[in-house]
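These notes are about the structure you will find just below.
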Number of protein chains: 2
Amino acid sequence: MQNLRNIDKQSLLSQDLGELLTEAIVQGVIPQGSKISEPELARRYGVSRGPLREAMLKLEGIGLVERIPHVGARVVELNCQQLLDIYTIREPLEGMACRLAAERLTQRQLNELHDLLEHHQQYLDDNHGEAYFDQQGDFDFHYRIIKATGNQRLVTLLCDELYHLLRMYRSTSARQHARPKRALQEHWAIWQALNDRDGELAEILMRRHISRARKVIEQLSSPDS
Amino acid sequence: MQNLRNIDKQSLLSQDLGELLTEAIVQGVIPQGSKISEPELARRYGVSRGPLREAMLKLEGIGLVERIPHVGARVVELNCQQLLDIYTIREPLEGMACRLAAERLTQRQLNELHDLLEHHQQYLDDNHGEAYFDQQGDFDFHYRIIKATGNQRLVTLLCDELYHLLRMYRSTSARQHARPKRALQEHWAIWQALNDRDGELAEILMRRHISRARKVIEQLSSPDS
DNA sequence: CTTCAAGTGATTGTCGACAATCTAAAGGTA
DNA sequence: TACCTTTAGATTGTCGACAATCACTTGAAG
């Protein structure tokens, strides 16, 4: 496990550690709510506590861990309310991203999006229950639209921060993406609007897409309706 | 300057340093684009490089400095495009915040908002050109609405991250808040909608409020219109 | 004069160690 | 038994030092 010492170019130990720990947390290898012991992790990865602490700082910034002074760091426990909060933020932001993307996506990017959806479609039609690719394809679609806005800060905010938490939730929650086919249909509709350069419609469709997903979570959290 | 060693309770050196440096950068004491030397700052504040590096990591997370491996950290240079990007993000987010706040603000909070605006109004009427308080009051208004949503992640995102950059811009750019009275009028209109529990209108007004401010910046960046 | 190479100085990244603080077990008292 | 104090252990926060890398000067060749 401790083959970290990358002879590679200028890769920083703290940076590599950050990515490694992010994956470990997101995929549930380090479970939610578990305490993170600096000496233990440092031994496990064969590094000093310095770079590890710096990596933890980064994870705290993303919101994957919570640190309490003189006590230590724990992996966050993502309850339903926090997840709903994330969707509340995503809805207007990604809606806006769609509107901008409708203006700025190149024809080549639109074609690539089309291929992505077809690829995704085929996977679902073949009835691979493989949640991994489904999730990958789902996120990829959203990522590309967000990046197409050209708003670097928006990209960082959504892709580098919030989406880690979503991936974590989907990895650790037993039920994975309750409605993959319906979601893909909605992606197709969004793509159509983008391809028509209809930003207004694309925004509405994306907002509904996220809003529907949010409602599914809402019902899970309060099944007394 | 180096009276950092707080005998206070459990204040972390890295944490205090982070807040201190944030203020220094936001207020322009450390100018935009300037290089940040770890040994120099460490000497100046009488601390080791460890906590200082951790503070820098935090600042990088906020977006106040940029770090390049093996080279060092620089204070970001906020060009107009990046500022526009921030407003692009704020518009839908704070609009949404207003809609939620219209439902969740208590009467007491609404009254406090009212007092805040009256206080602000008086300052402007007395023709204090004091940009500082104007800015303070402006931000306060937005802060309170955002916090009223109860969405902690939204609060962190806007108040703890994006708003530092705005404060930095207003402190360092010569022209400060070109239209304080007009902006206050818009705040009053928003308050009115909030007080009427008209979330839909409050959202629209807030979006326009931010959109107008964005247009002012847009014209500054490209005066050839 | 320009351009490239080597060398020097400073800065960054990483490490191990020590002090301050917290956690938990042991023991004593009501 | 319940509760508080003490104490031992471990963990976190901070420090100073060393190795790796970069920036800049010096010098030489074309």
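A, B, ... follow the sequence lines: proteins, then strands. Residue 1 opens every chain.
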How many whole angstroms separate atom [atom1] of [X] from atom [atom2] of [N]?
X	N	atom1	atom2	answer
Leu57(B)	dG13(D)	CG	P	14 Å
Leu17(B)	dC15(D)	CG	C1'	14 Å
Leu13(A)	dC18(D)	CG	P	20 Å
Ile36(B)	dT11(C)	CD1	C1'	14 Å
Ile68(A)	dT23(C)	CD1	C1'	13 Å
Glu38(B)	dT12(C)	CD	C1'	6 Å
Glu66(A)	dT12(D)	CD	C1'	18 Å
Glu54(B)	dG13(C)	CD	C1'	14 Å

Look at the side chain of [X] and decide which nucleotide, out of [options], has an atom nearest to it.
X	options	answer
Ser48(B)	dG13(D), dC15(D), dG16(C)	dC15(D)
Pro39(A)	dT11(D), dT12(C), dC15(D)	dT11(D)
His70(A)	dG16(D), dC15(C), dG13(D)	dG13(D)
Val71(A)	dT23(C), dG13(D), dG13(C)	dT23(C)

Thinking salt bridges, do Arg144(B) and Glu112(B) make one under a 4.0 Å N-O criterion?
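Salt bridge: yes.
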Give a yes or no on whether the backbone of Gln152(A) and the side-chain of Thr156(A) come within a donor-acceptor separation of less than 3.5 Å.
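A pair under 3.5 Å: yes.
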Do Gln81(A) and Asp85(A) pair up side chain to side chain, a donor and an acceptor below 3.5 Å, judged on atom types alone?
yes
Parallel under 30°, tilted from 30 to 60°, perpendicular over 60°: which one fits the rings of His142(B) and His187(B)?
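It falls in the perpendicular class, over 60°.
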Across the strands shown, which category fits Leu52(A) at heavy-atom distances under 4.0 angstrom: base, sugar-phosphate, nothing?
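Result for Leu52(A) = nothing.
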Look at the side-chain N and O atoms of Arg53(B) and state whether any lies under 4.0 Å from the OP1 or OP2 oxygen of dG13(C).
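For dG13(C), OP1/OP2 do have a side-chain N/O of Arg53(B) under 4.0 Å.
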Any side-chain N or O of Lys35(A) under 4.0 Å from OP1/OP2 of dA10(D)?
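So the side chain of Lys35(A) is outside the cut-off, no N or O lying under 4.0 Å from OP1 or OP2 of dA10(D).
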Closest-nucleotide 5' rank along DNA chain C - winner of Arg49(A) and Gln15(A)
Gln15(A)
Around Lys35(A), counting heavy atoms of other residues, nucleotides and ligands shown, do more than 12 lie under 6.0 Å from its NZ?
yes
